[in-house]
Amino acid sequence: VYKRQVNYDRIVNIPDLGFEDRKNQGLAATVEYSMESGHEFTSITAWRSIDVHSWVDGDYSPLELAEFEQEQDQSQFSQEFRIASPSNNKFEWIAGLYYFNQEFDSISDTFSGPDTIFAFGGAFFDPFFFSLIGQGLTPTDYGLPANSTLVVTTAGIETDSYAAYASGTYYFNEMWSLTGGLRYTKDKKDFTFVLVADAISAGFFPNIDCADPSYGCETERSDSEWTPLISLEFRPNDAVMTYLKYSEGFNSGGFNANLYSGVAPLSFGPETVESYEAGFKSQFADNTVRLNAAVFYMDYIDKQESFFLAEAGGFLLTNAGGARSKGFEIELTWLPIDGLDIFGAVGYADSKYTDFGDNTGNTLQNAPEWQWNAGAQYNWSVSGGLDMFARADVIYQDDRFLGANNDPFFIFTETTLVNLRLGLMSSSGKWTVTAWGRNIFNDDAISQTFGGSSLFIPTYNYSPNIPRTYGLDFQFRF
């Protein structure tokens with residue numbers, strides 16, 4: 001595998017550090033009611049709002065070429081009602097209804113920097129202006145236009161999702177049981193999109209208003225799917241459970257609310273997956289050891305994939321024709337003494353595109369072949385109604401590709417992160433104070449990389465892991 005040699009010195013070399021202001025709000029309520037018949041009724045209501053205002057350097061270079069300002073407002077509401085049969089019966093079931101609404105609105109402005117003005121001045125008026133690029137000068141001092149708004153995009157997506165589901169388990173005897181379930185999901189999405197470009201940017205981004213039928217935009221879509229589940233379980237004794245399971249999953253299609261270059265797709269289709277799994281869950285050594293293992297095979301149809309497109313100014317979603325993933329997972333927990341948990345897990349996945357044009361046969365993007373984690377946590381009591389805990393864990397991920405084309409430049413290098421936590425809490429659990437450290441050995445493996453981000457010069461960008469970070473958290477439960 002090709003390996004890049006990169007200088008990892010963390011030097012800020014952009015003209016504007018930018019900012020991000022984020023406001024999150026949320027409410028949730030769960031109501032449970034036990035009927036005299038033994039049935040259990042549950043209602044879950046939730047609301048959430050996220051408002052983000054950001055300003056970032058848009059060309060990822062020391063030059064002042066472009067800057068992006070974006071405001072995003074998102075609000076969502078969900079309601080679920082479900083009812084469950086009495087337990088300890090030969091046949092047990094659960095059924096429910098679900099509704100979800102989300103409204104997303106964004107406005108994005110792309111501003112030209114002084115160096116963009118000098119570049120166009122050199123191209124169309126006098127080559128002398130090329131010599132002023134990167135000098136930190138002001139275009140108006142040389143008779144050129146001031147910085148201006150190049151592109152403004154306004155987008156909105158409203159989603160309404162409805163679902164009904166039911167599942168039941170039949171116990172043949174103490175060892176054998178069969179579970180079957182079915183879910184129907186219907187998603188409806190409405191899309192608005194307007195792009196206005198100035199004379200400089202019109203060659204890259206054509207003006208577009210999706211409310212005008214002449215532009216041929218898809219402004220609404222409705223996707224629905226039935227997704228079944230069936231599982232056979234065998235319990236030879238109280239300590240071991242084995243199972244075989246088949247299930248299907250579904251993600252509805254949607255819209256890309258990015259810059260539109262005329263070649264970038266505005267919409268993408270739904271994704272479905274068929275999943276096969278076999279495994280066991282076990283406890284032994286007086287329930288001090290838990291061992292779980294599973295093998296799986298997943299077959300994707302029209303898998304939704306993210307890719308970076310410079311002409312669109314960011315990442316977009318599209319559909320791969322087909323993909324599959326197969327592998328195994330193992331989890332182990334050991335409780336050698338009171339208060340001490342030692343745990344670990346390992347996973348392997350062989351993931352390939354089975355139908356994706358020139359990418360057919362390539363490894364799925366962001367799909368490491370090997371992953372594992374291990375750690376320990378110790379809890380003990382302190383006099384005066386206080387408890388403490390100490391935790392250490394190690395997390396490993398194998399190399400993984402960013403792009404479906406498996407370009408060796410765009411690869412996330414293998415990474416091993418070590419994290420530590422030390423906490424003090426009240427015995428009632430009402431409050432907790434935790435000192436923590438993440439990536440304490442400063443693993444600087446590459447965790448993000450993409451290319452061609454600038455519309456004016458070819459730039460390739462990478463980001464190493466977040467460096468060693470430490471802090472103090474305080475939690476209080478009302």
Query raised in the report: Do T354 side-chain atoms and A323 backbone N/O form a donor-acceptor pair below 3.5 Å?
Result: yes
Query raised in the report: Are a donor atom and an acceptor atom from the side chains of H53 and Q72 found within less than 3.5 Å of each other?
Result: no
Query raised in the report: If you count the non-hydrogen atoms of other residues, nucleotides and ligands that lie under 6.0 Å from CG in D141, is the total more than 12?
Result: yes
Report task. Decide yes or no for L364 and Y353: does some side-chain heavy atom of the first lie under 4.5 Å from some side-chain heavy atom of the second? Result -> yes
Query raised in the report: Is the number of heavy atoms from other residues, nucleotides or ligands within 6.0 Å of OH (Y470) greater than 12?
Result: no
Report task. Determine, for K188 against D223, whether the closest basic-nitrogen to carboxylate-oxygen distance falls under 4.0 angstrom. Result -> no
Query - Flag, side chain of N373 to backbone of G344, donor-acceptor distance under 3.5 Å - result: no
Query raised in the report: Below 6.0 angstrom between ring centroids: does that apply to Y348 and W372?
Result: no
Query raised in the report: Are R391 and D393 within salt-bridge range, i.e. N to O under 4.0 Å?
Result: yes
**Report entry** Polar contact flag, side-chain donor to acceptor under 3.5 angstrom, K186-S161
**Finding:** no
Requested in this report: Evaluate the side-chain proximity of F441 to R468: yes if any heavy-atom separation is below 4.5 Å, no if none is.
Outcome: no
Query raised in the report: Side chains of Y99 and D160: is there a donor and an acceptor less than 3.5 Å apart?
Result: yes
Query raised in the report: Do N366 and F412 touch side chain to side chain, with heavy atoms closer than 4.5 Å?
Result: yes
Report task. Inspect the surroundings of CZ in R48 and state if more than 12 heavy atoms from other residues, nucleotides or ligands are less than 6.0 Å away. Result -> no
Query raised in the report: Got L317 and E305 here, is their nearest side-chain heavy-atom distance under 4.5 Å?
Result: no
Requested in this report: State whether the side chain of D209 and the backbone N or O of A211 hold a donor-acceptor pair below 3.5 Å, judged by distance alone.
Outcome: yes
Report task. Side-chain contact test, heavy atoms from C-beta onward, threshold under 4.5 Å: evaluate it for N419 versus W436 and give yes or no. Result -> no
Report task. Could you grab the distance from atom CZ of R438 to atom CD1 of I440, nearest 0.5 Å is fine? Result -> 13.0 Å
Query raised in the report: Run the side-chain contact (heavy atoms from CB on, under 4.5 Å) check on L63 and I133 step by step: do they pass?
Result: CA-CA 8 Å; L63 302 179; I133 295 175; 4.0 Å; yes
**Report entry** Side-chain heavy atoms of E158 within contact of N101, under 4.5 Å
**Finding:** yes
Query raised in the report: Without hydrogens or angle criteria, can the side chains of Q79 and S43 be said to hold a donor-acceptor pair below 3.5 Å?
Result: yes
Requested in this report: Compare all side-chain heavy atoms of Q76 with those of F100 and state whether any distance is below 4.5 angstrom.
Outcome: yes
Requested in this report: Would you check if the side chain of T469 reaches a backbone N or O of P467 as a donor-acceptor pair within less than 3.5 Å?
Outcome: yes
Query - Stepwise side-chain contact (heavy atoms from CB on, under 4.5 Å) test for E274 and M298 - result: CA-CA 6 Å; E274 297 179 351; M298 304 174 72; over 6 Å; no
Query raised in the report: What distance separates N256 CG from L316 CG, expressed to the nearest 0.5 Å?
Result: 4.5 Å
Query raised in the report: Can you check ring-ring contact (aromatic ring centres under 6.0 Å, His included) on W431 and F476, steps first, answer last?
Result: CA-CA 4 Å; W431 58 265; F476 185 82; 8.8 Å; no
Query raised in the report: Quick check, are the ring centers of F77 and W47 under 6.0 angstrom apart?
Result: no
Report summary line: Value for NZ (K352) from OG1 (T363), rounded to nearest 0.5 Å, stands at 3.5 Å
Query raised in the report: Are the side chain of D115 and the backbone of E64 linked by a donor-acceptor contact shorter than 3.5 Å?
Result: yes
Query raised in the report: Relative to the ring of F118, is the ring of Y142 parallel (under 30°), tilted (30 to 60°) or perpendicular (over 60°)?
Result: perpendicular
Report task. Pick out which of Q304, E225, E271, K303 makes a side chain to side chain donor-acceptor pair (under 3.5 Å) with N251. Result -> E271
Report task. Could you verify whether a donor N or O on one side chain and an acceptor N or O on the other, from N465 and D443, lie under 3.5 Å apart? Result -> yes
**Report entry** Residue pair S231 / T179, side-chain donor-acceptor N/O under 3.5 Å
**Finding:** no
Query raised in the report: Given side chains that start at C-beta, do those of F255 and E218 come closer than 4.5 Å, heavy atoms only?
Result: yes
Report task. Applying side-chain contact (heavy atoms from CB on, under 4.5 Å) between D109 and each of V152, T153, L150, report the one that passes. Result -> V152
Query - Parallel, tilted or perpendicular: ring planes of W55 versus F19, cut at 30 and 60 degrees - result: parallel
**Report entry** E277-Y246 side chain donor-acceptor pair, cut-off 3.5 Å
**Finding:** no
Report task. For the residue pair F328 and W370, categorise the inter-ring angle as parallel (less than 30°), tilted (30 to 60°) or perpendicular (more than 60°). Result -> perpendicular
